[in-house]
A.B. asks: 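Have a look at the structure that comes next, please.
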Protein chains: 2
Amino acid sequence: MTRWSIGDLAKASGLTVRTLHHYDEIGLVVASERTPSGHRRYTPDDVRRLYQVRSLRQLGLSLEEVRSALSRSDSLRPIFEAQLASLTAQAQHVEALRSRLTALLDGHTPESLLSTLEMMSVHESYFTADQLGDLRSRAAALGPEAVEALKASWLELVARLRQHMADGTPPSDPRVVELARQWDELGAKFTGGDAAVQAAAQRSWEENKASISSRIGWPADDGLVEYVTRARAAR
Amino acid sequence: MTRWSIGDLAKASGLTVRTLHHYDEIGLVVASERTPSGHRRYTPDDVRRLYQVRSLRQLGLSLEEVRSALSRSDSLRPIFEAQLASLTAQAQHVEALRSRLTALLDGHTPESLLSTLEMMSVHESYFTADQLGDLRSRAAALGPEAVEALKASWLELVARLRQHMADGTPPSDPRVVELARQWDELGAKFTGGDAAVQAAAQRSWEENKASISSRIGWPADDGLVEYVTRARAAR
DNA sequence: GCTTGAACCTCACGCCACGGGAGGTCCTAC
DNA sequence: GTAGGACCTCCCGTGGCGTGAGGTTCAAGC
């Protein structure tokens with residue numbers, strides 16, 4: 001009566017038999033006794049240990065962390081603090097994903113989602129994470145409608161420039177120069193006119209200019225960038 | 001020049017060569033061409049697809065979700081909404097863990113952490129999640145010091161009752177009856193005197209009483225519970 | 001005492017998204 | 001022609017179990 005079969009213990013603890021097998025296999029919660037035929041018999045001490053393991057698991061610790069937590073029970077506090085830090089990081093990560101997704105869902109038609117994503121992806125090759133964070137918070141400050149308007153302008157601008165490029169229009173053509181001016185203007189709006197952010201973006205651009213063709217991985221875009229650069233120079 | 005080697009593409013995209021191998025293996029991003037000797041050559045279309053995949057992955061989608069998102073590009077919105085719901089659930093889960101951990105860290109000496117965790121674990125066998133939520137928010141309302149004081153009293157009470165039980169003191173003994181009265185009083189304090197919460201706890205207890213010995217998985221505790229029950233009856 | 005069905009046992013593969021290494025071939029620059 | 005880096009395929013490992021397969025043992029009813 002003071003020994004528990006694996007099935008009864010599973011029901012009592014809310015875990016599965018397989019889980020208890022696993023804990024036994026890895027030596028985390030071992031049944032101290034066996035019947036002559038090999039069936040596991042859990043003692044009250046085993047059961048108590050299982051409950052400790054379950055508690056620690058419910059705090060999100062890994063099995064290895066649980067093991068070390070139970071091996072030196074005086075050092076629970078640092079383990080918990082580390083776990084809390086890890087959870088905080090996770091929470092921030094999840095929140096970042098959530099805000100990205102809500103921004104996308106709020107401001108885009110289904111058709112524009114993929115192209116926007118591609119743009120974002122390419123941008124993340126140009127800019128550092130910090131700089132992107134700046135840009136994003138600026139976008140949040142502008143509000144979804146304004147950002148949506150800016151993005152629409154941007155897509156239109158890129159489409160027109162690509163067409164001129166495909167048509168062989170020289171970069172010095174006044175129409176192209178005007179589009180390049182709009183490109184820079186839009187860029188300024190994206191950075192919110194904030195000189196620091198703008199300078200950071202500019203600096204990132206300058207520093208990476210030489211290696212951009214090997215980093216972007218999207219040749220057509222490189223052509224566009226150079227095209228705009230030449231048009232800007234012709235101004 | 002319009003074809004990319006796997007190493008160059010890895011550098012450009014920030015992924016590893018092994019990851020690109022993996023995407024190729026599972027048919028997610030396949031190099032459309034190969035050199036005669038078998039080296040992968042990625043075309044601009046492949047590269048664009050890779051960037052789409054990377055974008056969607058950065059939103060937290062699984063590779064399978066990415067695959068289906070790219071196969072029918074018009075249905076991105078429902079996929080994103082599902083992902084947002086999943087992320088919201090994750091965020092709530094992480095937040096719950098965080099609040100548990102901070103509560104533990106704020107209100108406990110290292111020595112009491114494990115026993116408290118065991119208690120929590122056992123309690124979660126007695127009560128439903130909702131009822132525990134009630135108890136927790138009540139605990140939050142009381143403030144950490146009051147809760148700590150209550151828990152300390154509780155541990156002391158349990159220790160004394162166990163000792164009496166081990167000593168063979170009959171449950172009808174006035175000292176045990178008094179301890180049982182304190183037990184009920186403490187229970188009332190845990191529920192904050194809120195009749196509804198108290199009734200819920202009581203109801204949970206009554207309903208599960210018959211099967212508790214098989215559900216708790218901790219025989220010593222069962223003995224204690226019955227001991228208190230008998231003492232309460234003797235009052 | 002016998003039967004039957006539930007509970008138990010030990011392998012052992014599968015999941016997900018790759019990491020990492022072994023052992024061999026290929027490409028490019030000097 | 002040779003060195004060394006980049007590339008190839010194959011395969012095992014991760015965490016925390018789920019899910020069988022195929023065989024043994026237990027407990028209850030006859």
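Both backbone and side-chain heavy atoms feed into the values below; hydrogens, waters and symmetry mates do not.
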A.B. asks: Starting at atom CG of A:Asp24, determine the distance to atom C1' of C:dC9, rounded to an integer number of angstrom.
C.D. replies: 12 Å
A.B. asks: Would you say A:Leu28 and A:Arg49 make side-chain contact, with heavy atoms under 4.5 Å?
C.D. replies: yes
A.B. asks: Separation of A:Arg3 atom CZ from D:dC26 atom P, in whole Å?
C.D. replies: 17 Å
A.B. asks: Start with the C-alpha distance between A:Arg57 and A:Glu65, add both sets of side-chain angles, then the distance that settles salt bridge (charged side-chain N to carboxylate O under 4.0 Å, His left out), and finish with yes or no.
C.D. replies: CA-CA 9 Å; A:Arg57 284 246 68 199; A:Glu65 287 166 337; over 6 Å; no
A.B. asks: What is the separation between atom NE2 on B:His21 and atom P on D:dC7, rounded to the nearest whole Å?
C.D. replies: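 The answer, rounded to whole Å, is 8 Å.
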A.B. asks: Which is true for B:Arg41 with a 4.0 Å heavy-atom rule: it touches a base, it touches only sugar-phosphate, or it touches nothing?
C.D. replies: nothing
A.B. asks: Reading DNA chain D from 5' onward, which residue's closest nucleotide shows up sooner: A:Tyr23 or A:His39?
C.D. replies: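 This one resolves to A:Tyr23.
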A.B. asks: Hey, which sits more toward the 5' end of DNA chain C by its nearest nucleotide, B:Leu61 or B:Pro36?
C.D. replies: B:Leu61
A.B. asks: Indicate whether OP1 or OP2 belonging to C:dG19 is found under 4.0 Å from a side-chain N or O atom of B:Thr16.
C.D. replies: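 B:Thr16 to C:dG19 OP1/OP2: side-chain N or O found under 4.0 Å.
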A.B. asks: Quickly work out the A:Leu9 CG to C:dC8 P distance and round it to whole Å.
C.D. replies: 10 Å
A.B. asks: Quick one: is A:Thr19 getting a side-chain N or O under 4.0 Å of the D:dG18 phosphate, OP1 or OP2?
C.D. replies: yes
A.B. asks: Judged by each residue's nearest nucleotide on DNA chain D, which is more toward the 5′ side, A:Arg18 or A:Ser37?
C.D. replies: A:Arg18
A.B. asks: Take the protein atom CD of B:Glu64 and the nucleotide atom P of C:dG14, then report the distance between them rounded to whole Å.
C.D. replies: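 Computing the B:Glu64:CD to C:dG14:P distance gives 17 Å.
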A.B. asks: Identify whether any heavy atom of B:Ile26 sits under 4.0 Å from a base atom; if not, whether one sits that close to sugar-phosphate; answer base, sugar-phosphate or nothing.
C.D. replies: nothing
A.B. asks: Do A:Asp8 and A:Arg3 meet the salt-bridge criterion of a basic N to acidic O distance under 4.0 Å?
C.D. replies: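 So A:Arg3 does not pair with A:Asp8 through a salt bridge.
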A.B. asks: Between A:Arg18 and A:Glu25, does any NZ, NE, NH1 or NH2 come within less than 4.0 Å of an OD or OE carboxylate oxygen?
C.D. replies: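 Yes.
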A.B. asks: Measure CG/A:Leu20 against P/C:dC8 and give the value in whole Å, please.
C.D. replies: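 Computing the A:Leu20:CG to C:dC8:P distance gives 10 Å.
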A.B. asks: Has A:Thr35 got a side-chain N or O lying under 4.0 Å from the OP1 or OP2 atom of C:dC8?
C.D. replies: no
A.B. asks: Just how far, in rounded Å, is C1' of C:dT25 from CZ of B:Arg40?
C.D. replies: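 From B:Arg40 CZ to C:dT25 C1': 14 Å.
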A.B. asks: Of the nucleotides C:dC9, D:dG16, C:dC18, which one has an atom closest to the side chain of B:His22?
C.D. replies: C:dC18
A.B. asks: Just checking, any donor-acceptor pair under 3.5 angstrom between side chains of A:Ser99 and A:Thr102?
C.D. replies: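 Note: A:Ser99 and A:Thr102 side chains miss the donor-acceptor criterion.
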A.B. asks: For B:Arg54 and C:dA17, what is the distance between atoms CZ and P respectively, to the nearest whole Å?
C.D. replies: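 Atom-to-atom, B:Arg54 to C:dA17, this comes out as 17 Å.
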A.B. asks: Could you say whether A:Gly7 or B:Leu63 is positioned toward the 5' end of DNA chain C, judged by the nucleotide with the nearest heavy atom to each?
C.D. replies: A:Gly7
